[in-house]
There are 2 protein chains.
Amino acid sequence: MSSKSPLYRKVAGDLRTAIAAGEYGSGARLPAEDELARRYGVSRGTVRQALASLRADGLVTSRRGARRVVLGGAPRLQSFGELRSFARWARSLGEEPGGRTVAVDPAEATEEEANHLQLPPGAGVFKVMRVRTLSGVPVMVERSTYPERIGRLVAAMDVDEVSHSRQLELHGVLFTDAHHTIDVASADADDAKLLGCGAGHALLRERRRSTDPAGTPVEWSEDRYLPGTVAFTVHNSVASSALGRQLGEE
Amino acid sequence: MSSKSPLYRKVAGDLRTAIAAGEYGSGARLPAEDELARRYGVSRGTVRQALASLRADGLVTSRRGARRVVLGGAPRLQSFGELRSFARWARSLGEEPGGRTVAVDPAEATEEEANHLQLPPGAGVFKVMRVRTLSGVPVMVERSTYPERIGRLVAAMDVDEVSHSRQLELHGVLFTDAHHTIDVASADADDAKLLGCGAGHALLRERRRSTDPAGTPVEWSEDRYLPGTVAFTVHNSVASSALGRQLGEE
DNA sequence: GAGTGGTCTAGACCACGAA
DNA sequence: TCGTGGTCTAGACCACTCG
């Protein structure tokens, strides 16, 4: 039982489990911070850190003067609570992820690409197109642009490699932050062929810029999903929650 | 200058301003926590609270051992960093929001509605349909379902009232948490007429369940946007960031 | 090895909610 | 009024990064 993970994780994990198990029905009040601190033999600050994480995930409310209340947890689909690769996300839903690389092209970065990857205009990049499947069924076309160093690693991978991000991790390339933009796009000829829909068919589009722990951009990607196969979910709250997430800016 | 807002807000605000003003170029390193604490005459904990908020918004990285790095901030579109009403969001972009109520109907909650609003099956609700405009151009159809008490307040409002949420605030009804699901839907006859598109046209759909500070559901809404008029943006990071946001769960 | 962020403690005072 | 969460302090030790 040697635990190398922080205490607040243990506390948060226990509370998540208890909530998931229905020990606190929807609308029930959580124990007070002091009570939890006593129960776990930790300081109140540590308990608050655990609770902040539940709050960020939209599992509980919190306001001054009243105990925290358990929110009726809707089942999560593609939650943005934490950055996760397609493969890891699929597996967490009990689906079997797949992927096949359709094209790998060295190229010079367009102005937009150079901008997103913070490279000089015309710098060398690798463009990779992949079909992603869930249990064998094509659901998404992924077009990623990588800086040269990373692109080389991707280009060397098997075309049927399921998780590029896993492989890149093994080479010391980490994806730790991402900024996503979601809207609707129209299927082009490639999309239509790969997804088996008509050209011009509307697709759910997610564009993503991922960075490593040092803040260096490592990937610029555009994913197009067949409608009905996935949905994205996000939780939100007004300014001034526990431990000061989110500011407000008016 | 009597400030009733917390200290960490002041610190966070200053840092945001400095970053926005380009005082720390993209990739630059922020001052150390101790340095900021000394500079503002506050404790390190307070500085960390401020920095956690920047982290949550995707403005900076943070990892043990190295100074925080400023991320190249992409311009935000419809950011989910903080819960904001359509009207407030539009104004923050310099657009002029508008809205016209098309229909208000008392009804019995369907099973789905009762579920989302945590009401008994068949409870009385109000269903409200509205067209939302940006600078006079229709961009979205909003179908909201309210519990009876709140629905009555909405039903009593002027059909041209721009911000229902603002009015509800004045009546003591607060929206503090929301859970969003984003996908693609197809325009029905109402959508087509109100948005001026063809029936069957693909729309960007956001479904939302909002709750008040006590965790009581106050609104269940389905918004359908004309593609190209708005996009949603979200920021994300892997587990274990400053002040323990997000857990990970494997 | 020095600097830095991550975790944790043990206090304190205040603002707010509920009884 | 009393319990509760929000804010804040002043320390401490450790794990990690970087020169």
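Here the structure is a predicted model, which means the values were calculated and not measured. Note on naming: letters A, B, ... go to the chains in the order of the sequence lines (proteins, then strands), and numbering restarts at 1 for each one.
In this structure A:Ser221 satisfies the side chain to side chain donor-acceptor pair (under 3.5 Å) test together with A:Ser144, A:Arg208, A:Asp223, sequence neighbours excluded. When the salt bridge (Lys or Arg N to Asp or Glu O under 4.0 Å) test is applied to A:Arg39, the partners found at least two apart in sequence or on another chain are A:Glu35. The ring-ring contact (aromatic ring centres under 6.0 Å, His included) test applied to A:His164 returns no partner, not counting sequence neighbours. B:Asn115 meets the side chain to side chain donor-acceptor pair (under 3.5 Å) test with no other residue; sequence neighbours excluded. Under the salt bridge (Lys or Arg N to Asp or Glu O under 4.0 Å) criterion, A:Glu148 pairs with A:Arg152, sequence neighbours left out. Applying the salt bridge (Lys or Arg N to Asp or Glu O under 4.0 Å) test to A:Glu23 and every residue at least two apart in sequence or in another chain returns nothing. Looking at residues two or more places apart in sequence or on another chain, you find no salt bridge (Lys or Arg N to Asp or Glu O under 4.0 Å) involving A:Arg29. Remark: B:Ala156 pairs with no residue by the side chain to side chain contact (heavy atoms under 4.5 Å, CB included) rule, at least two apart or across chains. Under the side chain to side chain contact (heavy atoms under 4.5 Å, CB included) criterion, B:Ala37 pairs with B:Val47, not counting sequence neighbours.
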Short heteroatom pairs, N/O only, protein and nucleotides 9-13 of chain C, under 3.5 Å:
residue: C:dT9; atom: OP2; partner: A:Ser43; partner atom: N; Å: 2.6
residue: C:dT9; atom: OP2; partner: A:Ser43; partner atom: OG; Å: 2.8
residue: C:dT9; atom: OP2; partner: A:Thr46; partner atom: OG1; Å: 2.7
residue: C:dA12; atom: N6; partner: A:Arg44; partner atom: NH1; Å: 3.1

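Proximity of a side-chain donor or acceptor of B:Asp57 to a complementary backbone N or O of B:Leu59 within less than 3.5 Å is not detected.
Taking every side-chain heavy atom of B:Arg67 into account, C:dT4 is the closest of C:dT4, D:dT7, D:dT4.
Between the P atom of C:dC16 and the CZ atom of A:Arg64 lies a distance of 5 Å, rounded to the nearest Å. Taking atom CZ of A:Arg48 as the reference point, atom P of D:dG5 lies 8 Å away to the nearest angstrom. The interatomic distance linking B:Gln49 (CD) with D:dG5 (C1') rounds to 12 Å, in whole Å.
Within residues 29-38 of chain A, the residues approaching DNA chain D are A:Ala32, A:Glu33, by heavy-atom distance under 4.0 Å. For the contact set between residues 166-175 of chain A and DNA chain C, defined by any heavy atom under 4.0 Å, there are no members.
OP1 or OP2 of D:dC18 sits under 4.0 Å from a side-chain N or O of B:Arg63. OP1 or OP2 of C:dT7 has at least one side-chain nitrogen or oxygen of A:Tyr8 nearer than 4.0 Å.
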